[in-house]
Amino acid sequence: MRFYNPAIVAYKNMDLDLLVPKETTESKGGLLAPKKPMAQKTDNKKINPVLTVASHMKVIRDKRNTINES
Amino acid sequence: MKAEQPSFDAPIPGMSLTAELGARPWQSPAQLTTVDEAIEYYLERMSLEDFSDQLIDVMEMGVPVTDIANTLQLGGVMEGVHSIDVGILVIPLLIEMMMLIGDSAGVKYDSGLEANPNKDKMRKSKADKILRKLEQKIDNKEDTVEKETVEDEPEMDMPTGLMARRN
């Protein structure tokens, strides 16, 4: 019999596409044009540690994907 | 039928109260309080060659990655390195990192994320167990058949007379 493992639930709940959105930088010509939307300006990582884990995971997963593809 | 043996591995009631409060590592404040610190701690440990060698050995044995990750973080909690909350938060990263080590080493591993990976496949140990039981049953039947045939054979009365033929 297999016991309950919280690791499975924790891993499956990490939706990286949702937590780490792709950075879209729209270059606008003006000097005073906003570089980032206001939502991204606040440092959410400090508030939500899941985002820290997700960003680290994203890097590792990209690395894994390149290994598996080659 | 074999009766189930009671398990004596479980702790005795009140065993948790035998040590002074705060004497255990997990009862004192954790060494690493933030997720960032815990991530750094684990990534540093996982980058060691000894760790990855041992991990690959365990993965090759068929132990699911999720189980290894859970054991690893529980070990951290027991040693008082971090709290259980931080441990749970770090688990997905541990799994991802271990899968990266497995992939880069070219090891076929069980991620442990599938609901029941061996649903269709009967486990070898289970098949062996059934086979052993069957063999035992066949042996027992053969023994009883032999006994019956021995018992059924009528005993030949040996002639006892003076003129009886002797071999």
Side-chain angles (χ1 to χ4, degrees), chain A, chain B residues 32-44 46-47 63-77 82-119 123 126:
Chain A
M1 191 191 136
R2 199 167 174 186
F3 295 100
Y4 174 74
N5 189 353
I8 300 166
V9 185
Y11 186 84
K12 282 187 174 172
N13 281 334
M14 290 296 280
D15 191 355
L16 294 187
D17 295 329
L18 199 77
L19 292 166
V20 191
K22 283 178 187 173
E23 283 180 19
T24 50
T25 49
E26 288 175 26
S27 55
K28 285 175 186 172
L31 278 173
L32 295 172
K35 302 270 190 253
K36 274 182 180 179
M38 274 306 286
Q40 285 181 19
K41 275 191 177 174
T42 50
D43 201 357
N44 285 331
K45 281 183 186 175
K46 279 183 185 169
I47 305 160
N48 194 355
V50 176
L51 297 176
T52 315
V53 177
S55 60
H56 278 85
M57 269 181 80
K58 180 90 177 149
V59 175
I60 298 169
R61 191 168 288 179
D62 289 344
K63 179 98 178 160
R64 267 183 67 210
N65 288 339
T66 50
I67 289 169
N68 290 333
E69 280 167 14
S70 61
Chain B
L32 313 173
T33 49
T34 61
V35 172
D36 290 285
E37 286 173 339
I39 287 171
E40 204 176 311
Y41 168 76
Y42 280 115
L43 290 184
E44 208 171 286
M46 286 174 138
S47 57
V63 181
V65 178
T66 46
D67 288 1
I68 305 170
N70 195 33
T71 311
L72 200 68
Q73 73 85 17
L74 269 179
V77 175
H82 53 76
S83 65
I84 193 139
D85 305 355
V86 171
I88 295 287
L89 282 166
V90 168
I91 282 177
L93 183 74
L94 298 182
I95 294 171
E96 201 69 43
M97 190 65 191
M98 279 192 255
M99 289 203 283
L100 175 69
I101 292 169
D103 286 340
S104 51
V107 181
K108 271 195 171 181
Y109 56 83
D110 174 17
S111 64
L113 298 166
E114 291 85 31
N116 194 358
N118 298 324
K119 198 179 176 183
R123 276 192 304 161
K126 204 172 180 181

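Each chain gets a letter, A, B and so on, in the order the sequences are listed, and its residues count up from 1.
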To the nearest 0.5 Å, tell me how far [X] [atom1] sits from [Y] [atom2].
X       : Y       : atom1 : atom2 : value
B/Ile84 : B/Leu74 : CD1   : CG    : 5.5 Å
A/Asn5  : B/Thr71 : CG    : OG1   : 7.5 Å
B/Asn70 : A/Tyr11 : CG    : OH    : 15.5 Å

Q | Residue-level contacts of residues 95-105 of chain B with chain A, using a heavy-atom cutoff under 4.5 Å | A |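 Interface residues of residues 95-105 of chain B: B/Ile95, B/Glu96, B/Met97, B/Met99, B/Leu100, B/Asp103, B/Ser104.
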**Q.** For B/Tyr42, all residues meeting ring-ring contact (aromatic ring centres under 6.0 Å, His included), sequence neighbours excluded
**A.**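 B/Tyr42: ring-ring contact (aromatic ring centres under 6.0 Å, His included) contacts with B/His82.
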Q | Residue list, side chain to side chain contact (heavy atoms under 4.5 Å, CB included) with A/Asn13, at least two apart or on another chain | A | A/Val9
Q.
Applying side chain to side chain contact (heavy atoms under 4.5 Å, CB included), can you list everything that pairs with B/Ile39, at least two apart in sequence or on another chain?
A. A/Thr52, A/Val53, A/His56, B/Val35, B/Leu43, B/Val90, B/Leu93
Q | Which portion of A/Lys12 sits near chain B, non-hydrogen atoms under 4.5 angstrom | A | side chain
Q: Using non-hydrogen atoms and a 4.5 Å limit, figure out which bit of A/Met14 sits close to chain B: side chain, backbone, both or neither.
A: side chain
Q.
Contact between B/Thr33 and B/Val86 at the side-chain level, heavy atoms closer than 4.5 Å - yes or no?
A. no
